[in-house]
Amino acid sequence: MMFEGFMVNAWEVASIVAVVAGVVGFFTVLRGAAFAAHSIPNGSFAGAAGASLVGLGTLFGLGVFAFAGALGIGLLGRRGRHDAVTALMLVMMLALGALFVSFSSEYAPEVYSLLFGEVLGISANAVLPTLLLGILCLLVVAILYRPLMLSSALPEVGEARGISAFAMELAFLGVLALATTMTVPVVGTLLIFSLMIGAPAAARSFTDRPAVAMALSVAFALAIVWFAIAASYETNWPVGFFVGTASAAAFVLGRVWAYARARMGRRPSARPSPS
Amino acid sequence: MSEAVLTVEGLGVRIAGRQVLDGVDFAIAPGEFTGLIGSNGAGKTTLFRAILGLQRPTSGRVLLGGRPRSRRGAGIGYVPQKFLLDPDLPLRGRDLVALGFDAGRLGPSTRLRRRRAAVEEALAAVDAEAFADTRVGRLSGGEQQRILIAHALISRPRLLLADEPLANLDLRSAQEVVSLLARVCREQGVAVLISAHEINPLLPVMDRIVYLAHGRAASGTSEEVIRADVLSRLYGHHVDVIDVHGRVLIVAGAGDDADLAGCEETVEHTEVIQ
Amino acid sequence: MSAGLFVFAPGFFDNEAVHVALAVGTAVAIVTAVVGVFTVMRGQSFAGESLGDIGTTGGAAASLLGVGPLAGFVAIDVLAAAAMELVGVQRVRGRDLATGVVLGAAIGLAALFLYLDTTQGSGNGSTVTILFGSIFAISSATIPAVVALAALSVALIAILYRPLLLATVSPEIAAARGIPVRLVGALYLLTLALATALAAITIGTILSTALLIGPAAAALRLTTRPLRAMLVATAIGIAAVWVGVVLAYDSYHWPPQEHGWPVSFFVVALIFLGYLASGLVKWRQEREA
């Protein structure tokens, strides 16, 4: 049965990951930080590879590289071409990853699981660290909620009110790194990104209210992950495939809904207004 | 005059070796409507940044309520110059105004009822209730402007800074924004400092003018400042002030047409021709 | 062991794999430099990076079907570029989002193909080869295709050069002058897809951005003129590939094992060093000025 034994861990951990991805992803989309959300998890892969090479824990390596990547993107991107710097940081970290992988000869299956996730193989002792990191992540977001919101929507106004846009950027990248560290072992570097973009991007097509959008984002992320686990269990296909395609489907659904709503909404307002 | 809301004393700012502001002096009394006039590149935005504490002055100082600023942004509402909001931003006008209430604080909001009341009040003050529930990114420029003014007002500032709020607005919207700001100034007792490169839309409502040219400033009532001798001294060459049916036209003096300042003021020239 | 005491390890000049690597590397370095300058100027690094990653899907599919990887890279990248264009990559706002959604979906597919590859196909460690590339493993039969695609990409840029430049600097002005900005952007995206596919075969899908962005970003720090930047970027790209190939060949004699360091690592590291060095040069130029 898909709800028994080792599968319980998968359901629990994946649900925690989905909640965090939904919340953090909301700000990722709000800030247009898709590239950073792609690069930090992806680059941190090198940390995992390096850590296993020198015999340290994967989580530790992921964490160090995720925060190093976040700091690098934040500091180097401060002036000049932000996106080019992000890209270069990313490929440099990936190249290190390639080097580490080449040093450890039997690493290929682990490369695959780090990049694409291994949610069905989660052990019971992964639940507690994931839960703690998840709570920490949500706590940081809750504390920073209002200044981060203002700084994301109107950076100059936030700046004028004493909310440093640079500090907010670093804080956000830090949250991203934290989310990366906890989620990568579960859904893989390449797919945490799908969850962080697809769900919140879809959510904002359905509502104008920020709080509702965030709640919807979490709901979508949960639905995507649950569907992916169930489908993966039934078909034996990789869970990442279902996460990636379901996220994209959610986004397309949101766009169609927004389009339909805009068309329906336009008709009445096309009539001349009485004033 | 009671204690000035804002005092700028001998303010000088150098950026990358260029003297952007040089010995700027002026003061604004509570509830006064002041226009900061100057052509593009005269240093208006730099002056705003210095007042907000985002730009460190190389000389002089900025006093708020007679004292040096306690913390950044305290007591000042700010409406930025250019804002282009993402049409997909899941944020209603109302939400943006609410962020003005307590965005500086950490953690979840604890004063939801008071915040809701304050948001309603601020929206009413700028006549924005009708479009407060629409996504900000989908509002027109003038409507976004109103939302941002409400956002600035909700923190009950003593001074409201508006950076070029009339730029990119058509004539009618510009008039509306000016009369709105003037009303806010009178009704809420907030001192307003508004920057603009055109003087005419502001002439009917200004209590005081700060005229900025080449980094230097002249301040006073418009009768005191908009005079050929004062502006000529500011520009460093002869400038004529012409009154055409109640509109002011500032042009470089005859025989001086090679000077850039003449071109800088053509904005007002073309406006008269229209 | 005489670890690294030579510049050219014995047999370097007679090795056919080296010849192919240098030929392919040179052609690819030229294309990526020319295309990359526009990528950086247009702020489309994320699109380039995504197309690179998406190449993984094509590589895995090609391996599943028993076709050469280059065909897979080109096919999937062109498809993905079309999808990005469709979802709205032409708008500056939300562009990253459109890119990201396509990327996510494609990577999901890649996960499936790689999985099927390892369970049903040959399963000869193609995951790592596709992701990180192996310039020494390119067969000489691929050279004509690489050269043809390279020529096509450069020709496209040459044809589009002036309208593309204006559309890059100011889409509004370009549109006002009657340039079909969206079409030009879409054609550019197609060229980017070709260049990325070529870079992917050289240094692997997820590292391909290095060749695309690195030399161009470094060159644009040194000069602001696009044509000169393309020349400088080409020089940096070719240097990185050549030196990378030499070092990788030498590294068979280096610790920790006797099977060589990945050539892609050297190429990317050299490009990254080049980018840092360009910052240093610029800083000195500015200080003297």
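Sequence lines set the chain letters: A, B, ... in the order given, protein chains first and strands last, and positions in each chain run from 1. Just so it is clear, the model here is predicted, and its values are computed rather than measured.
- Ranked by heavy-atom pairs under 4.5 Å with chain A, the list C:Leu207, C:Leu109, C:Ile271, C:Val267 is led by C:Leu207.
- Atom-to-atom distance recorded for A:Phe35:CZ and C:Thr99:OG1 is 9.5 Å, nearest 0.5 angstrom.
- The aromatic rings of C:Phe46 and A:His38 lie tilted to each other, with the angle between the two planes from 30° to 60°.
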Please evaluate residues C:Ile107 and A:Phe193 with respect to the criterion side-chain contact (heavy atoms from CB on, under 4.5 Å), reporting the C-alpha separation (whole Å), side-chain torsions for both, the decisive distance (0.1 Å), and the verdict. CA-CA 10 Å; C:Ile107 293 299; A:Phe193 166 70; over 6 Å; no

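- For the atom pair A:Trp237 CH2 and C:Leu116 CG, the distance stands at 6.5 Å (nearest 0.5 Å).
- Between chain A and the options C:Ser208, C:Ala111, C:Ala269, C:Ser264, heavy-atom pairs under 4.5 Å are most frequent for C:Ala111.
- Between chain C and the residues A:Leu94, A:Ile197, A:Thr245, the most heavy-atom pairs under 4.5 angstrom are made by A:Leu94.
- Residue C:Leu276 holds its CG atom at 8.5 Å from CG of A:Leu88, rounded to the nearest 0.5 Å.
- Within the 3.5 Å criterion, the main-chain N or O of A:Phe241 finds no donor-acceptor partner in the side chain of C:Tyr115.
- How far CZ of C:Phe265 is from CZ of A:Phe100: 8.0 Å, rounded to the nearest 0.5 Å.
- Interface check for chain C: of the options A:Gly97, A:Ala248, A:Ala95, A:Ala37, the most heavy-atom pairs under 4.5 Å are formed by A:Ala95.
- Between A:Met92 atom CE and C:Thr209 atom OG1 the span is 13.5 Å, to the nearest 0.5 Å.
- Between the CG atom of C:Leu103 and the OG atom of A:Ser247 there is a distance of 11.5 Å, given to the nearest 0.5 Å.
- Contacts between A:Phe251 and chain C at a heavy-atom distance below 4.5 Å involve the side chain alone, from C-beta outward.
- In this structure, the side chains of C:Asp53 and A:Asn42 come closer than 4.5 Å at one or more pairs of heavy atoms.
- Using a 4.5 Å cut-off on side-chain heavy atoms (C-beta onward), C:Pro262 and A:Leu99 make contact.
- Looking only at heavy-atom pairs under 4.5 Å with chain C, the residue among A:Ala87, A:Ala33, A:Pro238 that has the most is A:Pro238.
- Considering only heavy atoms from C-beta on, A:Met93 stays 4.5 Å or farther from C:Val268 through its side chain.
- Both the backbone and the side chain of A:Ala98 come within contact range of chain C, each with at least one heavy atom under 4.5 Å from a heavy atom of that chain.
- Looking at A:Leu96, both its backbone and its side chain come within 4.5 Å of chain C, counting heavy atoms on both sides.
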